[in-house]
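Here is the naming used below: chain letters follow the sequence lines, and residue numbers restart at 1 for every chain. Remember, it's a predicted structure, so these values are computed and weren't measured experimentally.
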Amino acid sequence: MSRAPTEFEQRVYALVQGIPVGEVVTYAMLAEALGCGSAQAVGQALKRNPFAPQVPCHRVIRTDLSIGGYVGETQGAKLEQKRCLLQKEGVEFDREGRLLDEQRVCTKL
DNA sequence: TCTGTGACCGCTG
DNA sequence: ACAGCGGCCACAG
């Protein structure tokens, strides 16, 4: 069953929705922008409440430029879908799930 | 490259 | 209300 989104989560969603198409951000970046020192907390918010297309959580990657996970899956078809979505937006990844164009990372939230 | 520890939020007992 | 556990992570050894 769902639960009312906390302010923390709402803040995360707001930032994620603000990510322009064709660019991505890292968990640490969001965490810092949110004022919390933990990126995992950010990932949790996205995992617990992936509001479908409303919140493009696929534009959020790890600091080491790896894709990370998707809707709770750290491997499998979900990751393939995430990679495909990003690639369709102009962000290319290799088979290792690594971002090819580091320039695609939006450093200005 | 891999393992271990740290940090933070939300859920369950 | 309190304590313990797990998770789309980060960093140091």
Side-chain angles (χ1 to χ4, degrees):
Chain A
M1 225 353 235
S2 293
R3 131 224 132 241
T6 66
E7 291 186 17
F8 179 79
E9 291 176 334
Q10 289 181 24
R11 237 176 295 165
V12 176
Y13 305 145
L15 283 173
V16 174
Q17 287 179 78
I19 304 172
V21 179
E23 295 191 14
V24 293
V25 262
T26 66
Y27 292 102
M29 215 176 290
L30 288 172
E32 192 172 0
L34 291 167
C36 89
S38 176
Q40 192 161 21
V42 177
Q44 269 253 90
L46 294 175
K47 169 196 175 182
R48 301 253 56 165
N49 229 321
F51 271 89
Q54 185 182 347
V55 178
C57 36
H58 59 272
R59 288 183 200 155
V60 187
I61 64 176
R62 287 181 43 164
T63 303
D64 62 352
L65 304 184
S66 61
I67 277 195
Y70 191 49
V71 288
E73 301 288 321
T74 58
Q75 59 178 352
K78 305 293 172 125
L79 269 300
E80 300 286 309
Q81 185 177 331
K82 178 173 181 176
R83 191 153 92 287
C84 185
L85 283 169
L86 287 167
Q87 188 174 333
K88 238 198 255 197
E89 295 183 355
V91 186
E92 301 180 55
F93 287 82
D94 60 5
R95 200 188 72 77
E96 295 180 5
R98 286 292 202 118
L99 179 66
L100 295 180
D101 282 330
E102 189 177 331
Q103 299 294 107
R104 291 292 182 187
V105 179
C106 180
T107 55
K108 39 191 199 306
L109 291 173

J.: In whole angstrom, what separates A:E32's CD from B:dC8's P?
T.: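 Roughly 13 Å, once rounded to whole Å.
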J.: Out of curiosity, A:R83 CZ to A:Y70 OH, how far, rounded to the nearest 0.5 Å?
T.: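 So the gap between those two atoms works out to 13.0 Å.
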J.: In residues 90-103 of chain A, what residues come within less than 4.0 Å of DNA chain B, judged by heavy atoms?
T.: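 Hits under 4.0 Å, by residue number: none.
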J.: Partner lookup for C:dA1, please. Criteria are Watson-Crick or G-U wobble with both distances under 3.5 angstrom; report none if nothing qualifies.
T.: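 C:dA1 is unpaired by these criteria.
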J.: If we ignore angles and hydrogens, is there a donor and acceptor under 3.5 Å between the side chains of A:H58 and A:Q81?
T.: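 Absent: no donor and acceptor within the cut-off.
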J.: Give the rounded distance in Å between these two atoms: CG of A:L30 and P of B:dC9.
T.: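 Value for this atom pair: 15 Å.
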J.: Does the side chain to side chain contact (heavy atoms under 4.5 Å, CB included) test come out yes or no for A:V91 and A:D101, once each step is laid out?
T.: CA-CA 7 Å; A:V91 186; A:D101 282 330; over 6 Å; no
J.: How long is the line joining OH of A:Y70 and P of C:dC9, in whole Å?
T.: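 Rounded to whole Å, this separation is 15 Å.
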J.: Step by step, work out the side chain to side chain contact (heavy atoms under 4.5 Å, CB included) result for A:L30 and A:V60.
T.: CA-CA 9 Å; A:L30 288 172; A:V60 187; 3.8 Å; yes
J.: Are the charged groups of A:E89 and A:R59 less than 4.0 angstrom apart, N to O?
T.: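 So A:E89 pairs with A:R59 through a salt bridge.
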J.: Step by step, would you call A:V16 with A:L46 a side chain to side chain contact (heavy atoms under 4.5 Å, CB included)?
T.: CA-CA 9 Å; A:V16 174; A:L46 294 175; 4.0 Å; yes
J.: Please work out if A:T26 contacts a base, only the sugar-phosphate, or nothing of the nucleic acid, heavy-atom cut-off 4.0 Å.
T.: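 A:T26: no heavy atom of the nucleic acid under 4.0 Å.
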J.: Using whole Å, what does the distance between atom C1' of nucleotide C:dC9 and atom CE of A:M29 come to?
T.: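 That distance rounds to 14 Å.
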J.: Evaluate side chain to side chain contact (heavy atoms under 4.5 Å, CB included) for A:R48 paired with A:R3, printing each intermediate quantity in order.
T.: CA-CA 10 Å; A:R48 301 253 56 165; A:R3 131 224 132 241; 4.2 Å; yes
J.: Out of C:dA10, B:dG10, B:dA7, which nucleotide sits closest to the side chain of A:S38?
T.: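 So the nucleotide nearest the side chain must be B:dA7.
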J.: Compare every heavy atom of A:A28 with every heavy atom of A:A39, then report the nearest pair and how far apart it is.
T.: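 The pair with the smallest heavy-atom distance is CB-N, 3.7 Å.
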J.: Name the nucleic acid region contacted by A:V42, choosing base, sugar-phosphate or nothing; use a 4.0 angstrom heavy-atom cut-off, strictly under.
T.: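 Here A:V42 touches no strand at all.
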J.: Write down the distance between CD (A:E7) and C1' (B:dG10), rounded to a whole number of angstrom.
T.: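 Distance, rounded to whole Å: 15 Å.
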J.: Does atom CD of A:Q10 have more than 12 heavy-atom neighbours from other groups under 6.0 Å away?
T.: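 Above 12, so yes.
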J.: Taking the side chain of A:Q40 as its heavy atoms from C-beta onward, which of B:dC9, B:dC11, C:dC9 lies nearest to it?
T.: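 Nearest listed nucleotide: C:dC9.
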J.: Given C:dC9, B:dC11, B:dC9, identify the nucleotide with an atom nearest to the side chain of A:R3.
T.: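 Ranking C:dC9, B:dC11, B:dC9 by closest atom to the A:R3 side chain puts B:dC11 first.
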J.: For residues 44-67 of chain A, which residues have at least one heavy atom under 4.0 Å from DNA chain B?
T.: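 When residues 44-67 of chain A is checked for heavy atoms under 4.0 Å from DNA chain B, the hits, listed by number, are A:Q44, A:R48.
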